[in-house]
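Everything on this sheet refers to the single structure shown next.
Throughout, a chain's letter reflects where its sequence line sits, starting with A, and its residues are numbered from 1.
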Amino acid sequence: MIYEVTVAAKVRKVELTRSESGWLCKLDGRELPLDVVTTRIGVLSLLLDGKSYEIKQERTAGETNIVVGNHRFNAVVRDPRSLRSRRESEAGAQGPRKITAPMPGKVVRILAAVGDAVEAGQPVLVIEAMKMQNELKSPKKGVLKKLNVTPGAAVEAGQALAEVE
Amino acid sequence: MIYEVTVAAKVRKVELTRSESGWLCKLDGRELPLDVVTTRIGVLSLLLDGKSYEIKQERTAGETNIVVGNHRFNAVVRDPRSLRSRRESEAGAQGPRKITAPMPGKVVRILAAVGDAVEAGQPVLVIEAMKMQNELKSPKKGVLKKLNVTPGAAVEAGQALAEVE
Amino acid sequence: MFQKVLIANRGEIAVRVIRACREMGISTVAVFSDVDRAALHVSMADEAYLIGPAPARESYLNIQKILEVARRSEAQAIHPGYGFLSENANFARACGEAGVKFIGPPPSAMELMGSKTRARQAMQAAGVPFVPGSSRGLSLQEAEALAAEIRFPVMIKAAAGGGGKGMRLVRSATEFKSSFEAAQSEALRSFGDAEVYLEKYIENPRHIEIQVLADEHGNTVFLGERECSVQRRHQKVIEEAPSAIVDEEMRRKMGAVAVQAASSAGYTNAGTIEFLVDQQRNFYFLEMNTRLQVEHPVTEFVTGLDLVHLQLKIASGEKLPFDQKDIALRGHAIECRIYAEDPENNFFPSPGKITSLIRPSGPGIREDSGVYEGWTVPLDYDPMLSKLIAFAPDRAAAIARMRRALDEYFVGGIKSNLPLFRRILEHPDFISAKIDTGFLDRLLSGESHLSQAFSQNKDGFSDIAAISAALFAATAAPISNGPNGNSSAAQGKTGSAWKRAARDEGVAGQ
Amino acid sequence: MFQKVLIANRGEIAVRVIRACREMGISTVAVFSDVDRAALHVSMADEAYLIGPAPARESYLNIQKILEVARRSEAQAIHPGYGFLSENANFARACGEAGVKFIGPPPSAMELMGSKTRARQAMQAAGVPFVPGSSRGLSLQEAEALAAEIRFPVMIKAAAGGGGKGMRLVRSATEFKSSFEAAQSEALRSFGDAEVYLEKYIENPRHIEIQVLADEHGNTVFLGERECSVQRRHQKVIEEAPSAIVDEEMRRKMGAVAVQAASSAGYTNAGTIEFLVDQQRNFYFLEMNTRLQVEHPVTEFVTGLDLVHLQLKIASGEKLPFDQKDIALRGHAIECRIYAEDPENNFFPSPGKITSLIRPSGPGIREDSGVYEGWTVPLDYDPMLSKLIAFAPDRAAAIARMRRALDEYFVGGIKSNLPLFRRILEHPDFISAKIDTGFLDRLLSGESHLSQAFSQNKDGFSDIAAISAALFAATAAPISNGPNGNSSAAQGKTGSAWKRAARDEGVAGQ
């Protein structure tokens, strides 16, 4: 299996081959004598040249982080064989910018109307969750093109709420 | 679903029906207004007339116990529709008595030979596990009819090691 | 002693009180809202009753419903925990009328201390030192005049307030009017009372508080201080005992004032006198919290006492089992409040299903948790998951121990503020105890938090992270995340695509 | 201080030492056998090296292999934990020769204390009180003569022994010869040394021990006592600090003797002097354990100190950071040793996969665990899973707290001795501290343990249990149990059938 993994702002190529004694791993073409054991769901124990690493996978609705000891890395894994994955990736790189809900909650206020000019960082709507209100801001200078929600609407994490172009 | 459950030396009949709001439960024909939630795998939260019970299922290789608060009950569940279960049950009730390994380990000594007369409680073989040696005794007075293992053999929990008739 | 106690709360504090009751042979009655049926406090109690839907005002703040459960279950006393009804004098009074003992001070003391202006008047009469300011609610005009007199910066505060709601710092006359009105409207929204008052703003103060205990026979003692200066938006984040700047003499002085304040208010049971301490180590009465504090465990560690046991004993009429001279402090304790919130994204709440939970333990570690692996943290309440407390012979060792425990701690499925604590505990100012109530906000507004928290240049580790990410993808086990319960494989792709899109669009950096 | 320490052990004590090192900024090197690749201590260490197959003599007892890892990893010191090589003077000496600091006493002190007969001679010379008996290995004839002189009952003990191996109690001359020979052959099998000696047997003694700490600059202190009288077959099961029968005067006397014993042996680092205490509270030297004890956490709770931190400081050449007068005891601590063994079935070991693990926490609770949910406890080593320690202001509260924690604790998939502890902690003799080293064996040989542990007449509870058993069957989730990994449904049937058969055949009652 071959994966493209984006970690620490670099794209790395990871080749994994199952062998009898475990996994054979190549990182960017370099073979690493890795000893891998899954201890719990989402937790790996890795040994490499005597060093011991406990790795935890921190998955939330929005993203996957990899915790190595006490270092955390955001990780995006792409299986290059997956066509769908590639297409989405390309689409994501262009087009208008979306404002997305970072957590589930309720829309309590909308601070701009469709067609308004907005500055980068200007609050566009307010979401309430767990007794806290949080402003969601425009990711860029432009015009508010779409508003997908109304005050009072319940929203899920990751849901696109508005679009600025 | 109907189950026969042996708990505290009594056979009880439990009828369970899934309803929209959870389970409808009858115990020996009596309906109980039970509120059931699975909190973790093997753990239930039960509310009955305001009383709260945390129930844990303690399963080992050999048996199932039900822990209610700090009370433990051995439980044998039989689904009367299961023919296989019934046959095994009948077979188990008669015939010669087996000596079974209560835990995985290694046979270190055999103290009687096939054909020997043995008393109830007489040690027949010795198993070692986790640095401890433990004698397994004859369940009844009789003759050692079978010996399925030899010294040095590794045995699994529940494995029949010998038979006395 | 009571035979049965109702706990009018949820989360870790309900669990904490249930444990204390169990240790004292007292039966426990839990109450819960619709979304808390599977909560830990429900399973752990001996009895549990549904009291309403998710919104707190229809369940955990529903006095009638809670008293109805008390009656039905024949509970003899009610422990209110903290938050919810714990400082509600009407509730305490209703308990009394219903013949149920409220585990806390008398309603009169709660009312006195609950109104900041009345408390100020009473405490000034008792000789308690105060920050210059008003002792009653002010009109805009009065407030403007007073601000000119005591000089900016000043702080506007809600009379009925707490928890940072309805507070505004004003540094100059030009911003005064808008801040005053904003504080009034927030106070009205939060507490149903628009009254606000004014105080001189102390630059870079420390927040240090004294725990007091008073029985119903006139005995009041103090149990040393807690340093609670690490706050974000006036909410405590880390607490410790003792304070690095309080010596024996200052402790005695603050303690004497605290005991005097409690006694003069007719206070009983556990309470806390909060002080602001300026850079010359002058201390000023801030307010009294008329309940058990979130941070009581650090006091328990250094005194060796159990405050909830003592609350129950006091409420049942027992005398305090010790005198002031029997109280001795030993070692150092630190508490971190673990929240379901994302420190890399403006501390947005992060409710949802806890898919994995690895809890620290071992020497000197206590965890008071209200959650378990598989539990879905509801949207509806304060997102505190648990309190992690570390004890060691001295402060440096307690910090090191807490860091060790934080490294062990892991919460999967939702975001938590765990990474924030490592950052604080590694900060030279925290390590040298140069902290004040602005420390954390300064730390957070400094260099980009995101770039700090996510390692960039630890190359060995990023290699390992890259390989591990691929290994997880290759060995993905089904993880149900949230109500939709997608399979892991499907989710991995969706998640990645979403994340990629989000990054491109700059959402993550908001 | 060391930069890197190798831990020559496994299980909870390896985890304990790794935690201490991490807290002190020391890198850790773990060693592991084939079956321990997924063990907790391997994941938690900074480095980890395979040292051989499962049998301890080829891995954790393999001195050459361990020193090779120390060399390769450039570890500056080795912490041996307890058990395995911890009291092996040859290992300590080999460490010294390899230029690696052994964290423990000098080999000479270990050798002196490791031979019970030599230890007796040296301690008698130092004026330490002794149980009447021989101070050297005896022939059968000599032993018979001595037994007649000091009068039965007498105890035969292996000179190289420990842990109850090679010990025989003899109550009359007729059984003497066979017991003597049995003890000799067991000593030979267990320790490679058949030498045995003789002691007067004290009826119903208590086992009370004194913790000592000695630095390498001639300073030795004691840290109070531990009561370890709750034993099964001479193995400690519950330990507490302080002892209910030791007052300040007795503590001072025992402490002075312990310090004298350690000093006269040239002892350094942490060690324990074990005493037998008779019903008149006379105390007699039993032996010295030249290592950290399993039960050290109870001392840590009541003194507020961290013994492993202090071991590391002492071994790196630091002076003790306190004097005897600085040591004060506060509160009461109790430890339960949680084992994978079946108390309802003759304490048979119960290795296997831990399918579920719910761990207690909250106020006053410490857990030092070596396992995690999903870990398969191997057959090959001591089956201790974890140590549960409860602290409270007094003994009654500590017992209540431990009971509360035991109720919270749950281990699924394998048997554990958790039910045993509840039984002990509810026993009136334990509650009133009327315990001696025979207490537990008497309790166990009393009424049928099985019928005690399994509730019969709690009708409400058995109703709930019956319904729950059916609910579990109806909602069975796949549980993988052991290496075969059957699905739950299949296993349910197999398990039930096997259990039924086993019950019919009387195996369970063995």
Side-chain angles (χ1 to χ4, degrees), chain A residues 1 3 5 7-8 10 12 14-28 30-61 63-77 130, chain D residues 4-7 10 14-15 18-19 21-23 25 27-51 65-66 68-75 353-357 359 369-378 413 477-480 485:
Chain A
M1 277 166 283
Y3 296 91
V5 183
V7 156
K10 275 191 224 160
R12 317 293 298 266
V14 182
E15 286 178 67
L16 300 176
T17 319
R18 258 190 212 282
S19 77
E20 268 172 51
S21 60
W23 291 96
L24 292 178
C25 304
K26 277 190 188 175
L27 178 66
D28 297 330
R30 181 167 51 104
E31 192 161 327
L32 296 173
L34 209 61
D35 177 357
V36 184
V37 165
T38 299
T39 55
R40 294 171 242 203
I41 292 175
V43 184
L44 299 176
S45 165
L46 255 64
L47 297 183
L48 176 61
D49 295 331
K51 298 268 179 291
S52 171
Y53 302 91
E54 189 172 49
I55 323 282
K56 294 153 190 159
Q57 187 187 32
E58 187 191 81
R59 278 184 111 144
T60 62
E63 60 185 57
T64 298
N65 294 314
I66 302 293
V67 181
V68 183
N70 56 47
H71 305 288
R72 288 166 74 241
F73 297 89
N74 180 255
V76 178
V77 178
M130 298 173 117
Chain D
K4 194 184 278 190
V5 168
L6 184 151
I7 296 99
R10 64 181 299 283
V15 171
I18 289 169
R19 282 176 166 149
C21 289
R22 178 139 306 162
E23 288 165 3
S27 284
T28 50
V29 181
V31 293
F32 63 95
S33 74
D34 279 343
V35 293
D36 273 345
R37 170 62 187 88
L40 202 54
H41 73 289
V42 174
S43 299
M44 287 185 73
D46 297 307
E47 299 177 42
Y49 298 89
L50 180 67
I51 49 166
K65 209 65 199 265
I66 289 168
E68 198 182 303
V69 170
R71 215 164 14 244
R72 181 175 161 193
S73 63
E74 299 180 342
K353 184 167 184 170
I354 299 172
T355 55
S356 171
L357 186 62
R359 296 165 39 211
S369 171
V371 303
Y372 57 88
E373 188 174 289
W375 163 245
T376 299
V377 181
I479 295 175
S480 162

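- Between the side chain of A:Ser52 and the backbone N or O of D:Asp46, no donor-acceptor pair lies under 3.5 Å.
- Heavy-atom distances place the side chain of D:Leu40, and not its backbone, under 4.5 Å from chain A.
- Note: D:Arg37 CZ to A:Asp35 CG = 4.0 Å, rounded to the nearest 0.5 Å.
- What you find for A:Val37 and D:Ala38 is that their closest heavy atoms are CG1-CB, 3.7 Å.
- Between the CE atom of D:Met44 and the CD atom of A:Glu54 there is a distance of 7.5 Å, given to the nearest 0.5 Å.
- For the set D:Ser43, D:Ala39, D:Ala45, the count of heavy-atom pairs under 4.5 angstrom toward chain A peaks at D:Ser43.
- Remark: A:Thr39 OG1 to D:Glu373 CD distance equals 11.5 Å, nearest 0.5 Å.
- D:Ala48 touches chain A through backbone and side chain together, each having a heavy atom under 4.5 Å away.
- Of all the heavy atoms in A:Leu47 and D:Phe32, the pair that sits closest is CD1-CZ, 3.6 Å.
- For chain D, the nearby part of A:Leu46 is the backbone; its heavy atoms alone come within less than 4.5 Å.
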